[in-house]
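Naming convention: chains lettered A, B, ... in sequence-line order (proteins, then strands); numbering from 1 in each chain.
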Protein chains: 2
Amino acid sequence: MVSIKDIAKKAGVSISTVSYALNGSSKVTDETSSKILAIAKELNYVPNAAARTLKKRESRILGVFLTDFKGDVYGDLLDGMKEVCNAQGYDLIVCSGKRSHRMLPEQMIDGAIILDQTFTSEELLTYAERNSKIVVLDRELDHPNINQVLLDNKAGATLATEFLLEMGHKKIYIVSGPEGSFDSNQRMKAVRMVADRAGDVEWIEIVGNFKKSGGERAAEQVINEYNGPAAVFCMNDEMAIGFCNRIAETDLKVGEHIHLIGFDNIELTNYMQPRLATINYSKRKWGALASEQLIKILAGEQVDHERIYVTLIKGESVRKYADAAKRTEHHA
Amino acid sequence: MVSIKDIAKKAGVSISTVSYALNGSSKVTDETSSKILAIAKELNYVPNAAARTLKKRESRILGVFLTDFKGDVYGDLLDGMKEVCNAQGYDLIVCSGKRSHRMLPEQMIDGAIILDQTFTSEELLTYAERNSKIVVLDRELDHPNINQVLLDNKAGATLATEFLLEMGHKKIYIVSGPEGSFDSNQRMKAVRMVADRAGDVEWIEIVGNFKKSGGERAAEQVINEYNGPAAVFCMNDEMAIGFCNRIAETDLKVGEHIHLIGFDNIELTNYMQPRLATINYSKRKWGALASEQLIKILAGEQVDHERIYVTLIKGESVRKYADAAKRTEHHA
DNA sequence: TTGTATGCGTTATCAA
DNA sequence: TTGATAACGCATACAA
């Protein structure tokens, strides 16, 4: 490993001069500076990140933590984050798994964006209390060192539920996320509100897990209880896909007997037959905003919580109850 | 920030005793050790990663570099890597983009797995020469500090091409990856070999880019030149999807007029209508093996290059030429 | 068993 | 404009 000490020796100057030259300080003559730079290049000098981080007490690296690497949501989200980070002179690293948590308190990274169920809120608050800067995308958390950039879950769930009602459906299954999921709870509240206000709606909650398996299990129940067209709101697209997979093994048809809407508008929904109705939002914008907020906190700026707006995407996976009933009759 | 110095002060011992105690050395009495541990906990002590890395000259972090975060291939691959890394006491971070390259030479990470076109081979060789440990998944590179874990591209392309031939196709379009892509070049060689051996086969190369847009552009050309059933080998599934999307806007039908096979067996292909024929391999195993190799190199072990085996997945996107011709006739 | 002292590679303060 | 020197937090050889 070649260090500034080696350069200093070869150049016949002190290490501080080398440091200045390498960092482009104007305190050093152009002549010595260029000599030093030449030698640095010749020796293939590369600064040591650990030493720099130790001394400067910052790494210029931000970390984003994901529950797992498998999610279909992440591509654009991470791209949005990276773009902003890089533009602001930060690197972005993606981490997953419990043992990676340490990077935050150990100050390997300057701040973290959390979309990760393996962090408890207590854990995050502890880190925040010790002065870690954090942006959360998957929970509400109140702390001066924590900022929230959340999906407008209530608006999304309201849009989805109202869409089902508008299409004349009276029996609605809700497939939720895992117990304790913030997104799921928010969405459930909105569903309840809309359904209760509508009056003559029967709605049945099925606890899911935001994974395909949850959708499959929910489908199982819906199939068993089937006695006429039913509407289903899967609280994310991945479960909706699992749901469809299980339905495809039966005589029931999505968009005819089962009317299905998801949440997230992941790319795969474009290729489903029929096209899945779902809730859309800009993943890229979400990521970009999260990074912006984190960088602002790091700069000591005061920032408010942010919200990501959502829209309804209609798809043939949901059709009118009347039509559906007729078709079913016809079919029977 | 609380450091071992603070603990030492509070415990009335020296910093070295604290360091020993924290690292579970047997050199220190259980009594003092537990006292120190208690104080450490009380003060919320967390070791500083930069200092530890600087001193120990290793970070216990491995990095995987991806061309971008959007790829559909990555979920299981990264999971496989993470599993092995964590089991061996390493953390895994995922990086993308040119500015993240520095993490390798700056020794923020102990080693790197490369699946990233933004690295040139010269760059990687330079790092290897300076003693960075590297595993490449997307090119051949010969250096004591570099190991290869490559897909069996030739086998995959051979399987794909032979399948098209077996199904009676005589006109085959090949949609390649971007200029200079190792995977693409390997696959092309195999295609050439198989096609030339078969004799009466017309094959047309279309330069692609491994992205949807490349598939769309290729479809454009195939549509324009269409004069009867044609077979198409897109060198990855993503291009095959773009291809399908463009075809869907015409009267042509995949599996009837256009016979399409991809490469990668990404999840989305399960949901395509008709199901895309493609080449499959275990992404999880690929990732796991890459991590294993890297960790072995780091441990100073001598390792040989590895190969990931592939299999053919038949799908209704490719049907027999005879049938197809008949159907086309019927259709006309 | 514990303490002293040194160095990892940087940055940055203060003198020269 | 440059140099000597002191940190940053930790691990460890060596002394006590």
Side-chain angles (χ1 to χ4, degrees), chain A residues 1-37 39-40 43-61 102-110 130-132, chain B residues 1-37 39-40 43-61 102-110 130-132:
Chain A
M1 245 234 80
V2 29
S3 74
I4 54 171
K5 210 182 278 182
D6 303 307
I7 301 177
K9 195 176 294 172
K10 183 141 188 176
V13 298
S14 77
I15 59 163
S16 40
T17 307
V18 174
S19 179
Y20 285 135
L22 290 173
N23 290 303
S25 164
S26 56
K27 311 173 96 177
V28 69
T29 347
D30 283 355
E31 191 188 2
T32 38
S33 180
S34 58
K35 185 173 78 178
I36 289 171
L37 260 35
I39 293 177
L43 298 181
N44 290 322
Y45 168 77
V46 182
N48 180 291
R52 187 181 350 92
T53 300
L54 177 60
K55 182 62 191 176
K56 300 196 71 168
R57 316 187 66 67
E58 67 164 10
S59 63
R60 302 296 288 185
I61 298 175
R102 66 181 178 90
M103 303 218 198
L104 186 54
E106 290 187 0
Q107 308 188 54
M108 175 106 295
I109 55 179
D110 292 347
R130 294 181 204 158
N131 216 28
S132 285
Chain B
M1 244 231 81
V2 29
S3 75
I4 54 171
K5 210 183 277 180
D6 303 305
I7 301 177
K9 196 176 294 171
K10 182 140 189 177
V13 298
S14 78
I15 58 163
S16 49
T17 307
V18 174
S19 179
Y20 287 134
L22 290 173
N23 290 305
S25 163
S26 55
K27 311 172 99 178
V28 70
T29 348
D30 283 356
E31 193 187 2
T32 37
S33 179
S34 57
K35 186 172 77 176
I36 289 170
L37 260 36
I39 292 176
L43 297 181
N44 290 322
Y45 170 76
V46 181
N48 179 291
R52 187 179 354 89
T53 299
L54 177 59
K55 181 64 191 179
K56 299 194 72 169
R57 316 184 68 67
E58 68 165 9
S59 63
R60 300 297 287 183
I61 298 175
R102 65 179 179 91
M103 302 218 199
L104 186 55
E106 290 187 2
Q107 309 188 53
M108 176 106 297
I109 55 180
D110 292 347
R130 295 180 202 159
N131 215 28
S132 285

**Q.** Toward the 5' end of DNA chain D, by each residue's nearest nucleotide, Pro47(B) or Thr29(A)
**A.** Thr29(A)
Q | From Ile61(A) atom CD1 to Met103(A) atom CE, the distance as rounded to the nearest 0.5 Å | A | 9.5 Å
Q | Gap separating the CE atom of Met1(A) from the CZ atom of Arg57(B), nearest 0.5 angstrom | A | 6.5 Å
What's the [atom1]-[atom2] distance between [X] and [N], to the nearest Å?
X	N	atom1	atom2	value
Asn23(A)	dT10(C)	CG	P	10 Å
Ile4(B)	dT4(C)	CD1	C1'	13 Å
Asp6(A)	dG9(C)	CG	C1'	10 Å
Met108(B)	dG9(C)	CE	P	14 Å
Lys5(A)	dC8(C)	NZ	C1'	8 Å
Lys27(B)	dT4(C)	NZ	C1'	13 Å

Q: Please figure out whether Val13(B) or Asn48(A) has its closest DNA chain C nucleotide nearer the 5' end.
A: Val13(B)
Q | Tyr20(A) (side chain) and dT10(C) (base): donor-acceptor pair under 3.5 Å | A | no
So does [Y] get a backbone contact from the side chain of [X], meaning a donor-acceptor N/O pair under 3.5 Å?
X	Y	value
Thr29(A)	Glu31(A)	no
Ser132(A)	Pro105(A)	no
Asn23(B)	Ser25(B)	no

Q) Does one side chain, of Ser16(A) or Ser19(A), offer a donor that lies under 3.5 Å from an acceptor on the other? A) no
Locate the shortest heavy-atom distance separating [X] from [Y]; write the atom from each residue and the value.
X	Y	result
Ser59(A)	Met108(A)	OG-O, 3.0 Å
Thr53(A)	Gln107(A)	CG2-O, 4.1 Å
Ala50(B)	Leu54(A)	CB-N, 3.8 Å
Asn44(B)	Val2(B)	O-CG1, 3.9 Å
Asp110(B)	Arg60(B)	OD2-N, 2.7 Å
Ile36(A)	Ala11(A)	CG1-CB, 4.3 Å

Q. First contact, last contact: which nucleotides of DNA chain D are these for chain A, 5' to 3', heavy-atom distance under 4.0 Å?
A. dT1(D) to dG9(D)
Identify whether any heavy atom of [X] sits under 4.0 Å from a base atom; if not, whether one sits that close to sugar-phosphate; answer base, sugar-phosphate or nothing.
X	answer
Ser16(B)	base
Val46(A)	sugar-phosphate
Ser3(B)	sugar-phosphate

Q.
How bent is the helix from dT1(C)-dA16(D) to dA16(C)-dT1(D), measuring the angle between the end axes built from five pairs each, rounded to 10°?
A. 50°
Q: Please check the phosphate of dT2(C) (OP1 and OP2 only) for any side-chain N or O of Thr32(B) closer than 4.0 Å.
A: yes
Q: Would you indicate, yes or no, if dG3(C) has its OP1 or OP2 atom less than 4.0 angstrom from a side-chain nitrogen or oxygen of Ser14(B)?
A: yes
Q | Nucleic acid contacts of residues 50-57 of chain A, taken as heavy-atom distances under 4.0 Å to DNA chain D | A | Leu54(A), Lys55(A), Arg57(A)
